[in-house]
Number of protein chains: 2
Amino acid sequence: MPAHLTLEDIGRLAGVSRSTVSRVVNQQANVNPAVRDRVEEVIKRTGYAPNRAARSLVSGRSGIIGLVIPSRVHTVFDDPYFPRLIQGISSAANETRTTLSLFLFQSEREEEELYPRIITSGYLDGLIVTATRMADPLLAQLSSGDLPVVVVGRPDVDGVSYVDADNRNGGALAADHLCGLGYQRIGLLGAPTSTTAGVDRTTGFVEGLARNGRALDPRLRVDGDFTDSGGYAAMEQLIEQRPDAVFVASDTMAHGALRALRGAGLSVPDDLALISFDGFPASETSQPPLTVIHQPATRAGEEALHLLNALIAGAEPPLKKILPVDLVVRDSTEPRQP
Amino acid sequence: MPAHLTLEDIGRLAGVSRSTVSRVVNQQANVNPAVRDRVEEVIKRTGYAPNRAARSLVSGRSGIIGLVIPSRVHTVFDDPYFPRLIQGISSAANETRTTLSLFLFQSEREEEELYPRIITSGYLDGLIVTATRMADPLLAQLSSGDLPVVVVGRPDVDGVSYVDADNRNGGALAADHLCGLGYQRIGLLGAPTSTTAGVDRTTGFVEGLARNGRALDPRLRVDGDFTDSGGYAAMEQLIEQRPDAVFVASDTMAHGALRALRGAGLSVPDDLALISFDGFPASETSQPPLTVIHQPATRAGEEALHLLNALIAGAEPPLKKILPVDLVVRDSTEPRQP
DNA sequence: CGCTCTACCGAGAGCGCTCCCAGCAATCTA
DNA sequence: TAGATTGCTGGGAGCGCTCTCGGTAGAGCG
């Protein structure tokens, strides 16, 4: 038995031609049921699987899509967001029989060397790119090509398909919640404004305050960098301004902020209330459990793959999908007695 | 300009044949330097990249390796180990110009359906499998094929290439540290014995106690399941036996254990000392910062890819690599005054 | 100056598959 | 019964590449 069985081999064993075996494998009509059964029996017996390279050479499809995580994303290893996103993409990929290739760039050099050949070598049917910053050069390079692309997170250019959480509404919900509870000196520990997520969460928060007749005191705003230690440092600064409630734009930063608060001997929510954005499991077991704006990260991954599949199937870009977020009240916020 | 440039196109533009362009692309000798320059100029100008499917059809190599994470791994999303491992593999892959495909199985059904075709369709040059449990059926299926495989974590069968942290020595180091500090009632919050890592860490710990003239009191041992909540539950049980020090077999479980301790009003290390295994960044910022046995997860990923590349290049399995672990002392352990 | 040797280049074959078209038998229509 | 139609099958072409082989020009040698 040869290392690799071919259509021809199966045909010989079943007493039919290559073409007929191909038709059986691809579930096409116009095959005599008896013949089909015979061929399928041989395939099952021999464990034949079609050669993907040959198939993709002629069909122009590889069945492989790429997930690109740019070099600027330093938080891949510490933010629970990415594992969840990947899990969602992978789950949808398994369902649709597509293979997921992962391109994790850890330096700009890697990115510059590898990225161009990834998008031109033609062995990817499509690409999912996690957008992280405004004016992302990765997106610019793509616009010329004809490779289907879906961005996770709102890109700052038009005409690109994307899926995103409703960051803006999330920010507004956080403001509503805090205002409704009666907090007075409401602060913001924001996400970097170099990212659209950061911009949107902040914008939404400010809008939310406004519709409650409030404005954000600039002194009560410090931006973090999506990391735990960034949240810690930002909260240390914020404390000095004595806010009574703070919206932290990500769970990871919120955990850092919590540490800063404990370090300063402040208790949550008595001295300072906290509401965070993300709502990953760790926010349930922190002390105290955090009130959060929950975003469906896994589902974002699934939706990204679905949009991409639609694009590959011929849908006209841009396709867009905004996923709802929702408020989950826990112990880090509570009604304020004036 | 056609959607896809071919060797023939480049040849026409440079006034040479397909064969010559191929030689240039593949950096072979026997090409006139002037011709080579001319061809390279055209390639650069047009942005030509060889079609991977065609190349792999004739060469039998795809340049793609797969990473398989079995369905039994529920901790992928919450244990920092996996992102780090993936990061290591990806980094080494980028360096060696190989593409990483990710197979994340989330149910046994997915695994059973997809796994066989992954290993037979012949578009993977090799496979990295994260081993999690004893007698893993994924490994059994592979033995028959001729696909190069490297397992991350010690498999429980012979003849398989693998890379692993020195779990056994790590356990022993933890015992040495605790004994050296003067702790008397030393407990173990173990990892599941259905995994080789769990077995090895426990074995090493028991051996370490033995060489310090101690034995592990069975009542002071409770096993967790690698999760935060598992660590919490196990520590709640352990507390009743009043240990003065506990070796927790993973960082994630240690964080759960810390919560249980706080909940019980016990302080670390005064009431109970803790040493953990992993040494991820979060162990530095916990309260208190944890003394840990640090394992190089990222490097494990890199080594796995290197071994796999060696196998693909023709090395004879089994190839093995055991990575050293080391003790990092922080605040969760301290010398005991008798 | 004729021969060999080397350096370089192009043409052909073929990797395993899909798609298209021709062929053939059986069935249907007028 | 002749012609058209249908159901099924096989063979040829070709996807873009690599590899082998044969050919040509120029250099080196006696």
Side-chain angles (χ1 to χ4, degrees), chain A residues 1-40 42-43 46-64 97 99 117 120-125, chain B residues 1-40 42-43 46-64 97 99 117 120-125:
Chain A
M1 193 156 93
H4 283 296
L5 287 167
T6 71
L7 280 182
E8 208 84 47
D9 295 326
I10 303 300
R12 203 174 321 112
L13 288 168
V16 295
S17 78
R18 184 176 36 115
S19 306
T20 301
V21 180
S22 173
R23 273 186 280 260
V24 171
V25 169
N26 294 298
Q27 322 229 34
Q28 292 172 359
N30 295 342
V31 178
N32 185 305
V35 173
R36 178 183 297 274
D37 288 349
R38 207 166 69 232
V39 172
E40 277 174 346
V42 174
I43 290 177
T46 55
Y48 166 80
N51 180 301
R52 299 264 301 243
R55 188 178 257 190
S56 103
L57 175 59
V58 41
S59 71
R61 290 273 178 87
S62 66
I64 305 178
R97 291 288 138 83
T99 298
R117 59 182 77 201
T120 53
S121 64
Y123 76 115
L124 288 183
D125 291 348
Chain B
M1 192 156 93
H4 283 295
L5 288 167
T6 71
L7 281 183
E8 207 85 47
D9 296 325
I10 303 301
R12 203 173 323 111
L13 288 168
V16 294
S17 79
R18 188 175 34 117
S19 308
T20 301
V21 180
S22 174
R23 274 186 279 260
V24 171
V25 168
N26 294 300
Q27 322 228 39
Q28 292 172 358
N30 294 341
V31 179
N32 185 304
V35 174
R36 180 184 295 273
D37 288 349
R38 207 165 69 232
V39 173
E40 277 173 347
V42 174
I43 290 177
T46 54
Y48 166 81
N51 180 301
R52 300 265 301 244
R55 186 177 260 192
S56 101
L57 175 58
V58 40
S59 70
R61 289 273 178 86
S62 65
I64 305 177
R97 291 287 139 83
T99 297
R117 58 181 79 203
T120 53
S121 64
Y123 76 114
L124 288 182
D125 290 348

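Here is the naming used below: chain letters follow the sequence lines, and residue numbers restart at 1 for every chain.
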Seminar exercise, completed: DNA chain C nearest-nucleotide lookup for B/R36 and A/A54: closer to the 5′ end is B/R36
Quickly work out the [X] [atom1] to [N] [atom2] distance and round it to whole Å.
X     : N      : atom1 : atom2 : answer
A/N51 : C/dC15 : CG    : C1'   : 8 Å
A/L5  : C/dC15 : CG    : C1'   : 15 Å
B/R55 : C/dG16 : CZ    : P     : 18 Å
A/L57 : D/dG14 : CG    : C1'   : 9 Å
B/R52 : D/dC15 : CZ    : C1'   : 17 Å
B/L7  : C/dA11 : CG    : P     : 14 Å
B/R61 : D/dC19 : CZ    : P     : 11 Å
B/Q28 : C/dC8  : CD    : P     : 13 Å

For this session: Check whether any side-chain nitrogen or oxygen of A/N26 sits under 4.0 Å from OP1 or OP2 of C/dT18, and answer yes or no.
Result: yes
Exercise. Can any side-chain N or O of B/R18 pair as donor or acceptor with the backbone N or O of B/L7 at less than 3.5 Å?
Worked result: no
Would you say that [X] contacts [Y] through its side chain, given a criterion of any heavy-atom pair below 4.5 Å between the two side chains?
X     : Y     : value
B/I43 : B/V25 : yes
A/T20 : A/R36 : no
B/I64 : B/R52 : yes

Exercise. Counting only heavy atoms not in A/Q28, do more than 12 sit closer than 6.0 Å to its CD atom?
Worked result: yes
Exercise. Does the side chain of B/S62 pick up a donor-acceptor pair with the side chain of A/Y123 at under 3.5 Å?
Worked result: no
Exercise. Can a donor-acceptor pair be found between the side chains of A/N26 and A/R55 at a distance below 3.5 Å?
Worked result: yes
Problem set entry | Proximal nucleotide (of C/dT18, D/dG16, D/dC19) relative to the A/S22 side chain | C/dT18
Nucleotides 6-13 of chain D: which of its N/O atoms have a protein N/O under 3.5 Å away?
from   : atom 1 : to    : atom 2 : distance (Å)
D/dT9  : OP2    : A/N32 : N      : 2.9
D/dG10 : OP2    : A/S17 : N      : 2.9
D/dG10 : OP2    : A/S17 : OG     : 3.1
D/dG10 : OP2    : A/T20 : OG1    : 2.7
D/dG10 : N7     : A/R23 : NH2    : 3.0
D/dG10 : O6     : A/R23 : NH1    : 3.4
D/dG11 : N7     : A/S19 : OG     : 3.1
D/dG11 : O6     : A/S19 : OG     : 2.7
D/dG12 : N7     : A/R18 : NH2    : 3.2
D/dG12 : O6     : A/R18 : NH1    : 3.3
D/dG12 : O6     : A/R18 : NH2    : 3.4
D/dA13 : N6     : A/R18 : NH1    : 3.0

For this session: Using a heavy-atom cut-off of under 4.0 Å over every strand shown, decide if B/Y123 touches base, sugar-phosphate, or nothing.
Result: nothing
